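Notes to accompany the following structure.
Just so you know, ligand 1 is whichever comes first in the structure, and atom 1 is the first atom listed for that ligand. Please read all numbers here as calculations on a predicted model, not as lab measurements.
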Amino acid sequence: MKLHEYQAKELLARYGVPVPGGRVARTPEEAEAVARDLGGKVVVKAQAHTGGRGKGGGVKLAGSPEEAKQAASEIIGMQLVTHQTGPQGLPVDSVLVEEQVDIDRELYLSVAIDNASGMPIVIASAAGGMEIEEVAESTPEQIHRQAVDPTTGFMPYQARALAFATGLDGDLMRPATALMAALVKAFEESDGTIAEVNPLAVTKDGRLLAADAKFSIDDNADFRHKDLMELRDTSQEEEREVEAHAAGIQNYVKLDGNIGCLVNGAGLAMATMDAIKFEGGQPANFLDIGTANNPEAVVAALKIIGSDPDVEAVLVNIFGGLARTDIIAEGVVQAKRQGLIDQPTVVRLAGTNVEEGARILDESGIELVRADGFAEAARKAVEAAG
Ligand code: GDP
Ligand code: MN
């Protein structure tokens, strides 16, 4: 789950990360009032779950409360398009109004999970303000890393090494190492997947400030963070992913293709997507229904797939272990009867109770394309999708 910048900054500030003074505003008038409280010279920033807001017209400098009001009226209500959002963009219904800081230098600092080592990794660069992928591409020597060994935690020498490497020496050493330690602590205690400060600003008067902040929390740890989960803004999320989440389906990801997939197990789901691609097709989603042992869960999943306007064919590919194929078959029949999937549907069942599953499908009288093998199922789905 992603936090908005203002939420991320509130969280980080609680851990002692210095952030500019500011508040969120939901109307131009509120933005004007906040700007007045802050002395007039402010930055007005679109709150949307994307980076690159600056280039997309979502970050504006204002010299007075009136200008802040004007900027907010341009930003609130916009559909913000950045290189990360796709052409449809993201809705903006609030802005963060912050005191303008006189920036001398922009650095980059983040904590993320390094999948190779399975450890959190702290990344710092003197090349801030631009995207880290760009820095990695053009000047990889400007990127510095320290892995956080969970048995020892983030060590002071690691913070000093990163500070030295990015030119945060002298008077900035102490605040820099304290800021890094605070960022790591916030990341660990919140079950973060990424905590990114870009830019980390060195101000003209020699202070360090988190001028921007992005923070994502591992959804699998949601039960440990009831308070943080209340910050979820579903207007920023894919509609069908929100619906899937509400139906208790954790693993649904919307994709670009036209073949809707209902699969059990993440491994089989990946293999199914590969098989579809191998046959020349494109999956419309990743969906792992897990051990769904009630037809209602199957119906809920098929409803989400069937209502996706991109879906031209549905592929149900189940290998029943703990999951029973007769229950899956029952769910498919119910979803068809309720008119939730009018796209051609290919069903391949294998494993537990497969004879019973086949019988349910046969006796239903519903038009389905049946397949025995995996490759055959993928091929028929690609054919059906045209
Ligand atoms: P992003 O484009 O979504 O990553 O949004 P940022 O918060 O990083 O803002 C983009 C850029 O706006 C930053 O890299 C800064 O150069 C600039 N910016 C943001 N806040 C301030 C500020 O208070 N003062 C100045 N001078 N520039 C700022
Ligand atoms: Mn930024």
Original post:
Run the salt bridge (Lys or Arg N to Asp or Glu O under 4.0 Å) check on R26 and E30 step by step: do they pass?
Top reply: CA-CA 7 Å; R26 296 181 197 279; E30 262 185 86; 6.0 Å; no
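Residue G51 approaches ligand 1 through these ligand atoms, each under 4.0 Å from one of its heavy atoms: 3 (O). Within the listing of ligand 1, atoms 24 (N), 25 (C), 27 (N), 28 (C) sit less than 4.0 angstrom from a heavy atom of I103.
Among protein heavy atoms, the minimum distance from atom 3 (O) of ligand 1 is reached at R53 NE, 2.7 Å. In this structure, the protein non-hydrogen atom closest to atom 7 (O) of ligand 1 is K45 NZ, 2.6 Å. Given atom 10 (C) of ligand 1, the protein heavy atom at minimum distance is G54 CA, 4.3 Å. Here the protein heavy atom with the shortest distance to atom 12 (O) of ligand 1 is V59 CG1, 4.2 Å. Looking from atom 8 (O) of ligand 1 to the surrounding protein, the closest heavy atom is D212 OD2, 3.1 Å. The single protein non-hydrogen atom nearest to atom 21 (C) of ligand 1 is V43 CG2, 3.9 Å, given as residue, atom name and distance.
For R53 against L80, the heavy-atom pair with the smallest separation is CG-CD2, 3.5 Å.
With a 6.0 Å radius and a threshold of 12 heavy atoms from other residues, nucleotides or ligands, M173 has its CE atom above the threshold. Around the CD atom of E137, the shell of radius 6.0 Å holds no more than 12 heavy atoms that belong to other residues, nucleotides or ligands.
Residue side and main chain included, E196 places no N/O/S atom under 2.8 Å of the Mn ion (ligand 2).
E5 and Q47 share a donor-acceptor pair across their side chains, judged by distance under 3.5 Å alone. Residues E66 and Q70 have side chains that never bring a donor and an acceptor to within less than 3.5 angstrom of each other. Neither side chain, E238 nor Y252, offers a donor N or O lying under 3.5 Å from an acceptor on the other. Counting only N and O atoms by type, the side chains of T82 and K55 include no donor and acceptor under 3.5 Å apart.
Of the N or O atoms in N198, one or more lie within a sub-3.5 Å distance of an N or O in ligand 1. Of the polar atoms of V101, at least one N or O is found under 3.5 Å from an N or O of ligand 1, judged by distance alone. Residue G52 places at least one N or O, backbone or side chain, under 3.5 Å from an N or O of ligand 1. An N or O contact shorter than 3.5 Å is missing between Q100 and ligand 1 by distance.
Checking E106, K55, K41 against atom 14 (O) of ligand 1, the nearest heavy atom belongs to E106.
Distance check on atom 18 (N) of ligand 1: every protein heavy atom falls at or beyond the 4.0 Å cut-off.
Comment: R207 engages D205 in a salt bridge, judged by a side-chain N to carboxylate O separation of less than 4.0 angstrom.
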